[in-house]
Trainee: 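Structure in structure tokens, see below.
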Amino acid sequence: MINLKINNIDVRVPEGATILEAANKAGLWIPTLCKHPDLGPTAACGICVVKIKGAKNMVRACASPAEEGMEVTTHDPELVRVRRTTLEMILSNHPNECLTCARNGTCELQDLAEEFSVRERLLPPIVPDISTDDSTRTIVLDPRKCIKCGRCVTVCQQKQDVWALSFLERGLETRIAPAGDIGLGDSPCIRCGQCSAHCPVGAIYEYDETARIWEALQYPKKYCVVQIAPAVRVSLGEAFGREPGENLTGQIYSALRRMGFDAVFDTNFGADVTIMEEAAEFVERIKQGNGSLPLITTCCPSWVDFMEKYHSDMMEHFSSCKSPHAIIGTLSKTYYADKMGLDPKDVFTVSIMPCTSKKYEITRSSSMFASGLQDVDVSITTREFSRMVRQDGLIIEQLNADEKPDSILGEYSGAGTIFGASGGVMEAALRTAQYQITGDENAELEFKEIRGLQGVKVMETKVGDKNIRVAVAHGLGNVETVLNEVRAALRQGQESPYHFVEVMACPGGCVGGGGQAWKVDNKIREKRIEGLYRDDRKQRIRRSYQNTSIRRLYEDFLNEPLSAKAKELLHTSYTARPQYQR
Amino acid sequence: MAKTKQQLSPIEIAAKKYARYRDPLIMVLHEIQTTRGYIPREAAFEIAKLLNVPLARIYEVITFYNYFRLKSPGKAVISVCTGTACHLKGADKLVKEFSEELDIEPGQTTDDGLFHLQSVRCVGCCGLAPVVVINEKTYGKLQPSQVPHVIAEWKEKFETETADAAS
């Protein structure tokens, strides 16, 4: 341990801690801009400078280790002046467009400008003339607003292992862009949106499609159907000053009805369907034995895209089952339209997702048109939805917390709701697979070893007389080690070290999705995750196969999991794709 | 079966040559640029595969260093020395003359792809100032009035080459 004094307060921190961490421990707040809690320091911005007694120069608190006996000053008039000058220099390369910026009101640079009473631009602005890139139709890149903090590039390259974004040129010319003169849409970008989730300013944000929804809601002939993903309910509140993890399911249903949606469904129901199909696939592969295992989950469109671009040799291990939101889309225009006597052409389906990549998924292959029409018409993020709530004049506090979803694609089990957390899909699948294998209605319900934020989680559990080994990875940088273990075993003709593998692209799973409320770190992810497990514990039914709406779906429409009809409507296929289109 | 030397691409040869370096990327890029005059995108893809380096990292390196070029510099690269001696002897007038005659700015290539104009620092023969180097040929004590002749000389050379190739 190291002892130091910060502003005359004694602090004890472990070896290797930075001055910034020590100051936080002492309850002191040093302004930062380029530093993100998920990432190591880049020391790019210089806002966090502090003084050390006896040192000639000021140092950056984010990148300087705390040392024994150090005496640090974090705030005095000179430091405030230096920080303001640094801020003015950053602002001199930043367009003065706050009013029309996607981060107006949530921008970390704007916050600092306010904090330091910046009232005029003292330096003549030099803003590069680079056009906006919306070629992915999921996230928008506006390199003019970039402050070169490096968060997005670090996340894309180091955390996600995608390497779509890079820093090109240098000095004043430095810009964020894919390799060469191409749009993000032609790059290896998997649209996970983690770059946007980590951007402190308005340089990367979601592709807004709310206008299309307002338009559809106005059109009398359209029968508007909506679904919300598990992770949305525990993050939406953050945009309204609520705690991360607070469950607003009822309020969201209520808001959607007031907006004018004709039917309000829940992606959690789709998750229950996914589990029925995926658990059946798993049981089938277990019976087939060696070679066909492991089964790998495919609910995450960014992971699917990543696999098609980087790991297409593993394709045969992929579950062919569609993601929950795609399933609700298909069923809305088939099963539900049939029951209600609606012309599927009049049904307009909207999904509210924690995810930027779902915008891509809805047209990713011909199987996303299984109903004969585009199954999901528009997919928007939690952030877009929070703006719709405000645009519609709705006040969260006045919405009904006990509102229920619409039958027949709304009732969900606890297993459906934990889909939004890393490990949740696996846990939900095991709850049903156990029953399908053993017929035991009261088998193990909770699998806590595969919950939480550790990058790779492995577990062995007994199902009947079989030992089932599973692996759960989240944050795509963690996937390769798991896949390599599997590859090595299969190449030597051995049994795969895992029978079942779950992958989610975003850290923490969908709760940490690229379309969730702005500003995220592990503390916030943990709270959102806990919110989902609370929702699970609250449910009377916690296993997908026990959900009565699920039973009815199979009795009335699909017959049984993996039936011809289920395969036609609820399953998809994969193709190897080039990392670069050009 | 191992490929014989003839079957290897220039990039494979360069990659082999520098394989013992911990990070051979810059050396390989140098080699490509020396032989091709720039780094074509296909070459960058091939390097990415051979060295197992993400394309994004390769472009970060190429664009970080002014030396590397992403576009073909043209068949004749006109380097006007603007080192101290040449500067004093009126190198700026030469840059201006070439620029006007070819209708390009320094750093650009003519639309027909024949000429690329650049200013470089000292080329090491100050006694000949002002100096212009075109490909391997050096022009010492060059006067702005001679520039049109020099350009004509190279155009003629290219025309003869094209005619020879055709016959």
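So that the names make sense, note that chain A is the first sequence line, chain B the second, and so on, each numbered from 1.
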Trainee: Looking at B:Y65, I want to see if its OH is surrounded by more than 12 non-hydrogen atoms of other residues, nucleotides or ligands under 6.0 Å.
Mentor: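 No, OH of B:Y65 has 12 or fewer neighbouring heavy atoms, counting only those of other groups under 6.0 Å.
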
Trainee: Write out, in numerical order, the residues from residues 152-160 of chain A with a heavy atom short of 4.5 Å from a heavy atom in chain B.
Mentor: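 Residues A:V153, A:Q157 are the ones that qualify, each having a heavy atom under 4.5 Å from chain B.
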
Trainee: Does atom NE2 of B:H30 have more than 12 heavy-atom neighbours from other groups under 6.0 Å away?
Mentor: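 For B:H30, atom NE2 is crowded (more than 12 foreign heavy atoms under 6.0 Å).
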
Trainee: Tell me, yes or no, whether the heavy-atom count around B:K89 atom NZ, taken from other residues, nucleotides or ligands under 6.0 Å, exceeds 12.
Mentor: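 Counting other residues, nucleotides and ligands, NZ of B:K89 stays at 12 neighbours or fewer.
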
Trainee: With a sphere of 6.0 Å drawn around CE of B:M27, does it hold more than 12 non-hydrogen atoms of other residues, nucleotides or ligands?
Mentor: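 Atom CE in B:M27 is packed in, count exceeds 12.
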
Trainee: Of the non-hydrogen atoms in B:R41 and A:I182, which two are nearest, and what is the gap between them?
Mentor: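 B:R41 and A:I182 have their closest heavy atoms at NH2-CD1, 3.6 Å.
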
Trainee: Check this for me: A:D181, atom CG, are more than 12 non-hydrogen atoms of other residues, nucleotides or ligands nearer than 6.0 Å?
Mentor: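 Atom CG in A:D181 is not crowded, with 12 or fewer foreign heavy atoms closer than 6.0 Å.
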
Trainee: What residues of residues 46-59 of chain B make heavy-atom contacts with chain A at a cutoff under 4.5 angstrom?
Mentor: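 Heavy-atom contacts from residues 46-59 of chain B to chain A are B:P54, B:L55, B:A56, B:R57, B:Y59.
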
Trainee: How about B:D164: does its CG atom have over 12 heavy atoms from other parts shown lying under 6.0 Å from it?
Mentor: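 Result for CG/B:D164: enclosed.
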
Trainee: Out of A:G171, A:P188, A:S187, A:G180, return the one with the most heavy atom pairs under 4.5 angstrom to chain B.
Mentor: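 Winner by heavy-atom pair count: A:G180.
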
Trainee: As an exercise: rank A:Q579, A:E173, A:R582 by heavy-atom pairs under 4.5 Å with chain B and give me the winner.
Mentor: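 Among A:Q579, A:E173, A:R582, the one with the most close pairs to chain B is A:R582.
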
Trainee: Grab the two heavy atoms, one from A:R170 and one from B:F64, that are nearest each other, plus how far apart they are.
Mentor: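 What the structure gives for the nearest pair is NE-O, 2.9 Å.
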
Trainee: State whether the number of non-hydrogen atoms from other residues, nucleotides or ligands found under 6.0 Å of B:K93 atom NZ is greater than 12.
Mentor: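 Not buried by this count: 12 neighbours or fewer within 6.0 Å.
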
Trainee: Quick one: does B:E60's side chain have a donor or acceptor within less than 3.5 Å of a partner on A:F167's backbone?
Mentor: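 Side chain of B:E60 to backbone of A:F167: a pair is present.
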
Trainee: How far apart are the closest heavy atoms of B:T63 and A:L168, and which atoms are they?
Mentor: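 Nearest heavy atoms, B:T63 then A:L168: OG1-CA, 3.4 Å.
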
